[in-house]
**Q** 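Submitted below is the structure of interest, expressed as structure tokens.
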Amino acid sequence: MSNLERTLSIIKPDAVERNLENEIKEIFKSKGFNIVKNKKIQVSKSEAEQFYKVHETKPFFNDLCAYLSSGPIVVMILEKENAVAANRELMGATKPEEAAEGTIRKKYGLSIDKNSVHGSDSIENAKVEIDFFFKD
Ligand code: CMP
């Protein structure tokens, strides 16, 4: 049964800074994701706070938002069968040292903050996150 889904992916500042944008996009494409839309932007601290609102009570919230707004990022709408789960599997665990071989965070992640990519954690959040960056 077909279950085409969309999810939001972000190539974070550490990866953009290391010129990994094209390499990471090629990984997504080679795994069957269609990049429906993408743009390179820089968010303000308050936009980062809105985006990561679900984490606002966490001790790492301030550092997380400062980091996401620290440099250019690439935001992408990815489409594939079961895209939300497939993207989470391809990204690997949040902590790069815990990420499985063959995952993006294992290959490129530097630390729990500089973990190179973000991906929506549920179908519901994917819709909210896609709207956040691609409302127009
Ligand atoms: P991301 O998938 O973008 O979602 C929230 C981010 O918070 C996460 O990736 C990490 O980069 C960052 N983060 C920092 N500290 C923690 C922590 N202790 N637990 C989970 N995420 C953390």
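Just follow the structure's listing: the first ligand is 1, and inside any ligand the first atom is 1.
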**Q** Does K95, at its NZ atom, have more than 12 non-hydrogen atoms belonging to other residues, nucleotides or ligands within less than 6.0 Å?
**A** no
**Q** Distance to 0.1 Å, residue and atom name: give those for the protein heavy atom nearest to atom 14 (C) of ligand 1.
**A**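 It is D113 OD1, 3.2 Å.
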**Q** Using a 4.0 Å cutoff against the non-hydrogen atoms of Y52, which atoms of ligand 1 qualify?
**A**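 Here the atoms of ligand 1 in question are 1 (P), 3 (O), 4 (O), 5 (C).
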**Q** Quick one: do K53 and E49 make a salt bridge, cutoff under 4.0 Å?
**A**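 Here K53 does not pair with E49 in a salt bridge, since their nearest N and O are not under 4.0 Å apart.
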**Q** Which of the numbered atoms in ligand 1 are below 4.0 angstrom from a heavy atom of H55?
**A** 4 (O), 5 (C)
**Q** Which residue supplies the protein heavy atom nearest to atom 15 (N) of ligand 1, what is that atom called, and how far is it?
**A** F60 CG, 3.3 Å
**Q** Considering only heavy atoms, does R105 approach ligand 1 within less than 4.0 Å through its side chain, its backbone, both, or neither?
**A** side chain
**Q** Note the single closest protein heavy atom to atom 1 (P) of ligand 1, along with its residue, its atom name and the distance in Å.
**A** H118 ND1, 3.4 Å
**Q** May I ask you to check whether over 12 heavy atoms, not counting those of E98, lie within 6.0 Å of atom CD?
**A**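 Above 12, so yes.
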**Q** For atom 12 (C) of ligand 1, what's the nearest protein heavy atom and its distance?
**A** L64 CD1, 3.7 Å
**Q** Flag the pair D131 and K127 as a salt bridge only when some basic side-chain nitrogen lies within less than 4.0 angstrom of an acidic carboxylate oxygen.
**A** no
**Q** Check this for me, if you would: do K40 and E21 make a salt bridge, where the nitrogen-to-carboxylate-oxygen distance has to be below 4.0 angstrom?
**A** yes
**Q** Is T94 close to ligand 1, meaning an N/O of one under 3.5 Å from an N/O of the other?
**A** no
**Q** What class does the angle between the rings of H118 and F51 fall in, given that below 30° is parallel, 30 to 60° is tilted and above 60° is perpendicular?
**A** perpendicular
**Q** Could you tell me which atoms of ligand 1, counted from 1 in the order shown, lie closer than 4.0 angstrom to a heavy atom of K12?
**A**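 Contacts of ligand 1 toward K12, numbered from 1: 1 (P), 3 (O), 9 (O), 11 (O).
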**Q** In the protein, which heavy atom is nearest to atom 11 (O) of ligand 1, and how far is it?
**A** I112 O, 2.5 Å
**Q** Atoms of ligand 1 less than 4.0 Å from N115 heavy atoms?
**A**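 Taking each heavy atom of N115 in turn, ligand 1 has 9 (O), 10 (C), 11 (O) under 4.0 Å.
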**Q** Heavy-atom count check: over 12 atoms from other residues, nucleotides or ligands less than 6.0 Å from E124 CD?
**A** no
**Q** Give a yes or no on whether the backbone of F133 and the side-chain of K39 come within a donor-acceptor separation of less than 3.5 Å.
**A**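 Pair found, side chain donor or acceptor close to backbone of F133.
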